Amino acid sequence: MLSLNIGGIVKRTKIYGPGWRTAVWLQGCTLACKGCWNKELWPSKGGTIYSHEELLTELIRATDCEGITFLGGEPLQQAEALLPLLKDLKAIGKSIFIYSGYNREELDETQLACLEQADIMVLGRYIQELRNTNLRWRGSDNQVVEFLTDRYSTEDMNGEASEYEVHINPDGTTTVLGYPPTDPQSLYS
């Protein structure tokens with residue numbers, strides 16, 4: 001099996017899809033959207049290389065999470081290695097949510113096969129001029145949320161809203177996920 005280059009994993013989050021999820025950021029993206037929040041994930045070098053078995057084992061350990069969300073970087077630029085992992089996760093009942101900057105008509109056969117494994121997909125490049133932090137699960141107005149199975153529907157989005165989480169790491173540092181307000185004072189109102 002092929003290996004995957006992973007930029008990061010958050011074991012428990014609620015902002016990247018319905019319910020508790022494990023979020024997996026894949027390393028590498030050649031789309032280079034202007035204003036991207038994850039520029040550190042653009043280089044294909046960096047990250048941690050996981051074999052299929054290692055990553056599957058890591059993701060199965062998140063027993064209290066109903067699903068796995070794949071972000072990036074660009075997950076579909078590792079589609080050949082991602083597809084078998086998606087199939088295995090789906091076979092054990094995990095829901096799958098994939099973020100991609102591609103539009104559907106740009107996808108090749110393997111990338112489309114990845115979509116066939118997903119329950120939810122966000123498609124479309126991030127466009128800085130269309131930035132909208134009041135959207136759930138996406139960053140710009142052009143991006144589209146697609147419900148690909150009957151497992152979830154628009155009702156699971158609970159409307160549109162800006163979301164972010166602050167995680168306190170074991171070493172005392174913090175990690176912010178999502179899109180916090182640009183005005184720090186609004187955190188206290």
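Quick caveat, the model's predicted, so the values are computed rather than measured.
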Gap separating the [atom1] atom of [X] from the [atom2] atom of [Y], nearest 0.5 angstrom:
X: Leu55; Y: Leu4; atom1: CG; atom2: CG; value: 6.0 Å
X: Arg131; Y: Tyr126; atom1: CZ; atom2: OH; value: 4.5 Å
X: Ile9; Y: Leu26; atom1: CD1; atom2: CG; value: 9.0 Å
X: Cys65; Y: Arg12; atom1: SG; atom2: CZ; value: 6.0 Å
X: Thr22; Y: Lys94; atom1: OG1; atom2: NZ; value: 6.5 Å
X: Leu115; Y: Arg104; atom1: CG; atom2: CZ; value: 5.0 Å

Begin with the C-alpha distance, continue with both residues' side-chain angles, and end with the deciding distance and a verdict on side chain to side chain contact (heavy atoms under 4.5 Å, CB included) for Arg125 and Tyr102.
CA-CA 6 Å; Arg125 283 174 184 65; Tyr102 287 110; 4.2 Å; yes
Please step through side chain to side chain contact (heavy atoms under 4.5 Å, CB included) for the pair Phe147 and Glu155, ending with a clear verdict.
CA-CA 11 Å; Phe147 294 89; Glu155 292 175 14; over 6 Å; no
Is a donor on one side and an acceptor on the other found under 3.5 Å between the side chain of [X] and the backbone of [Y]?
X: Asn38; Y: Gly72; value: yes
X: Glu80; Y: Thr110; value: no
X: Arg138; Y: Arg136; value: yes
X: Gln77; Y: Thr30; value: yes
X: Asn103; Y: Glu105; value: no

Checking side-chain polar atoms at under 3.5 Å, does Ser140 have a donor or acceptor matched by the opposite partner on Gln128?
no
Within the 4.5 Å heavy-atom criterion, are Pro18 and Ile120 side-chain neighbours or not?
yes
Please lay out, stage by stage, how Leu85 and Leu89 fare under the test side chain to side chain contact (heavy atoms under 4.5 Å, CB included).
CA-CA 6 Å; Leu85 179 67; Leu89 290 169; 4.0 Å; yes
Closest non-hydrogen atom pair between [X] and [Y], with its separation:
X: Ser3; Y: Ala81; value: O-CB, 3.4 Å
X: Glu129; Y: Lys34; value: OE2-NZ, 3.4 Å
X: Leu86; Y: Gln117; value: CB-CB, 3.8 Å
X: Gly46; Y: Asn5; value: O-OD1, 2.8 Å
X: Gln27; Y: Lys45; value: NE2-O, 3.7 Å
X: Gln143; Y: Gly124; value: NE2-O, 3.0 Å

For Trp25, the ring pair (Phe, Tyr, Trp, His ring centres under 6.0 Å) test, sequence neighbours excluded, returns Tyr16
Applying ring pair (Phe, Tyr, Trp, His ring centres under 6.0 Å), name anything that partners Phe97, two or more places apart in sequence or on another chain.
Tyr99, Trp137
Would [X] end up clustered with [Y] when hydrophobic side chains under 4.5 Å apart are linked, directly or stepwise?
X: Ile127; Y: Met121; answer: no
X: Leu2; Y: Ile49; answer: no
X: Leu56; Y: Tyr50; answer: yes
X: Leu76; Y: Leu112; answer: yes
X: Leu83; Y: Ile98; answer: no

Here's a test for you: under side-chain contact (heavy atoms from CB on, under 4.5 Å), which of Thr69, Leu71, Leu59 qualifies with Val24?
Leu59
Between Arg151 and Ser95, does a side chain to side chain donor-acceptor pair (under 3.5 Å) hold up when you go through it step by step?
CA-CA 8 Å; Arg151 187 169 185 164; Ser95 69; 4.5 Å; no
Check whether more than 12 heavy atoms from other residues, nucleotides or ligands sit under 6.0 Å from atom CD of Glu109, and answer yes or no.
no
Tell me whether the count of non-hydrogen atoms from other residues, nucleotides or ligands lying under 6.0 Å of CD in Glu58 goes above 12.
yes
